[in-house]
Amino acid sequence: MEEYSRELKEAYDEAVRFTKSHYENFPVISVFVPKHLQKHVAVIYRFARQADDIADEGHFSAEERIAKLDEYNQELKSAIDGKYSTSFWKALNNTIDEKGLSTANFFNLLKAFRQDVSKKRYETFDDVLDYCSNSANPVGRLILELNGIKHPDALNHSDKICTALQLANFYQDVSIDYEKDRVYISEDEMKLYGISEKAFENYDKNDKFEQLMKYQVERVRLLFAVGKNLMKHLSGLLRFQIAWTILGGEEILVKIEQAGYDTRNFRPVLSKTDMIKLLLRSWKK
């Protein structure tokens, strides 16, 4: 069993408390995360959540947010070099070293948070996918690396799942994102369906908006279908964890469909009952 200094242990304990105190569609530290990995998952989550808060929370200008993210990026670089401004950074670097994680995934996440501040619209779906390659895919790769899985096919299938989860979240949060002046549906596809941004402001029934969202949802389902090839690389608790996560993403799509694809007026969420049902289903996967 790994022995840690008191400072390092306290930093990990704080990361776990931080993680458990934040809402996500699924508990980040679930029953499927082995106890010996929970602290590592927690410190990675805290890294990402803190950066996300810099990009989104508070009353700061875009310039101030970029400056704070640049500072955060420099703190990451310093931590990797063994220079820590706080015990959190020491714990994060310990996780990177102990588990042999690719540091590129952390820097890619920060690129995405920076992009959240600087880029509000996407011309093509490929542009959206490029964003997902930094905002979502590194998370899945880090989870696989934590579990000692680095096979290229596994990583590529994980990318499909993570991109699908990110897209499902976009379509779940259409109204929330628009209030932040962000639109993650590409401009060319909006044009194809005869939709302008006024559709995000007008909450009346809109058949064109419904068709646009239906197309987005169906494409995400295909991404999940391809990504499920990851399962053959997994075993034990990790297999159940990923199955549960996929089921959650797919259930969000079902709820969007049940709402007539009108996520301007309705934000689908997973209830505790939903999560328990999906948990039971994951054991059958």
Side-chain angles (χ1 to χ4, degrees), residues 24-25 51-66 69 108-109 111-137 159-227 248-270:
E24 301 293 342
N25 279 337
D52 190 18
D53 286 347
I54 293 172
D56 268 346
E57 300 300 323
H59 302 284
F60 300 102
S61 67
E63 292 75 15
E64 288 171 325
R65 294 183 191 279
I66 292 296
L69 285 169
N108 287 341
L109 283 171
K111 286 180 185 177
F113 292 126
R114 204 177 193 279
Q115 190 167 327
D116 281 335
V117 179
S118 61
K119 189 174 178 65
K120 307 295 185 179
R121 302 293 186 274
Y122 293 84
E123 185 177 346
T124 69
F125 183 64
D126 283 342
D127 294 333
V128 178
L129 291 180
D130 182 67
Y131 170 77
C132 292
S133 70
N134 290 320
S135 68
N137 299 358
D159 288 347
K160 295 292 191 300
I161 292 171
C162 290
T163 291
L165 289 167
Q166 177 75 89
L167 293 172
N169 182 250
F170 287 157
Y171 308 145
Q172 173 189 30
D173 286 345
V174 162
S175 291
I176 292 174
D177 287 332
Y178 190 69
E179 287 175 1
K180 297 176 181 177
D181 193 30
R182 294 175 185 160
V183 177
Y184 291 103
I185 300 175
S186 63
E187 293 174 337
D188 62 341
E189 291 182 350
M190 289 171 59
K191 183 177 180 180
L192 181 65
Y193 281 85
I195 291 293
S196 71
E197 284 197 19
K198 289 184 178 180
F200 294 90
E201 300 173 1
N202 185 350
Y203 297 112
D204 294 336
K205 181 175 174 55
N206 186 320
D207 291 337
K208 291 181 179 180
F209 186 86
E210 177 182 332
Q211 290 303 311
L212 172 65
M213 293 302 297
K214 182 178 181 181
Y215 174 70
Q216 308 297 321
V217 166
E218 290 175 349
R219 181 167 52 194
V220 174
R221 285 198 170 111
L222 292 176
L223 279 172
F224 275 128
V226 175
E250 291 178 322
E251 185 65 18
I252 289 294
L253 299 182
V254 169
K255 288 180 179 291
I256 291 174
E257 186 177 35
Q258 291 173 342
Y261 303 96
D262 188 11
T263 50
R264 298 168 304 162
N265 288 299
F266 172 77
R267 182 182 185 269
V269 295
L270 299 178

Apply the test side-chain contact (heavy atoms from CB on, under 4.5 Å) to residues E218 and L222: give CA-CA distance (whole Å), side-chain angles for both, the deciding distance (0.1 Å), then the verdict.
-> CA-CA 7 Å; E218 290 175 349; L222 292 176; over 6 Å; no

Could you measure the distance from the [atom1] atom of [X] to the [atom2] atom of [Y]? Nearest 0.5 Å is fine.
X: S196; Y: E187; atom1: OG; atom2: CD; answer: 11.5 Å
X: L253; Y: Y261; atom1: CG; atom2: OH; answer: 9.0 Å
X: L212; Y: S186; atom1: CG; atom2: OG; answer: 8.0 Å
X: T263; Y: M213; atom1: OG1; atom2: CE; answer: 4.0 Å
X: K191; Y: E123; atom1: NZ; atom2: CD; answer: 10.0 Å

D159 versus S133, side-chain donor and acceptor atoms under 3.5 Å = no

Just checking, any donor-acceptor pair under 3.5 angstrom between side chains of T124 and D126?
-> no

ring-ring contact (aromatic ring centres under 6.0 Å, His included) with F209: which residues, sequence neighbours excluded?
-> F200

Full working for side-chain contact (heavy atoms from CB on, under 4.5 Å) between E250 and R221 = CA-CA 7 Å; E250 291 178 322; R221 285 198 170 111; 6.0 Å; no

Chi angles and distances behind the side-chain contact (heavy atoms from CB on, under 4.5 Å) call for I195, Q211 | CA-CA 10 Å; I195 291 293; Q211 290 303 311; over 6 Å; no

T163 side chain vs C132 backbone, donor-acceptor pair below 3.5 Å | no

Test log, rule salt bridge (charged side-chain N to carboxylate O under 4.0 Å, His left out), inputs D56 and R182 | CA-CA 11 Å; D56 268 346; R182 294 175 185 160; 2.7 Å; yes

Results of side-chain hydrogen bond (donor to acceptor under 3.5 Å, both in side chains) for [X] - residues two or more places apart only:
X: E210; value: K205
X: D116; value: Y131, Y184
X: Q166; value: S135

Go through the steps to decide whether N206 and R264 satisfy the test side-chain contact (heavy atoms from CB on, under 4.5 Å), and finish with yes or no.
-> CA-CA 10 Å; N206 186 320; R264 298 168 304 162; 4.0 Å; yes

Tell me, please, which residues at least two apart from I66 pass side-chain contact (heavy atoms from CB on, under 4.5 Å).
-> D70, R114, V117

List in chain and number order the residues that pass side-chain contact (heavy atoms from CB on, under 4.5 Å) with Y215, two or more places apart in sequence or in another chain; answer none if no residue qualifies.
-> E189, Y193, R219

Considering residues, nucleotides and ligands other than K208, do more than 12 of their heavy atoms fall under 6.0 Å from its NZ?
-> no

Can you tell me if CD on E201 sees more than 12 non-hydrogen neighbours from other groups inside 6.0 Å?
-> yes

Ion pair check, R121 and D181, cut-off under 4.0 Å | yes

Looking at K180 and D173, does any basic side-chain N land under 4.0 Å from a carboxylate oxygen?
-> no

Work out which heavy atom in L69 is nearest to a heavy atom in A55; give both atom names and the distance.
-> CD1-CB, 4.4 Å

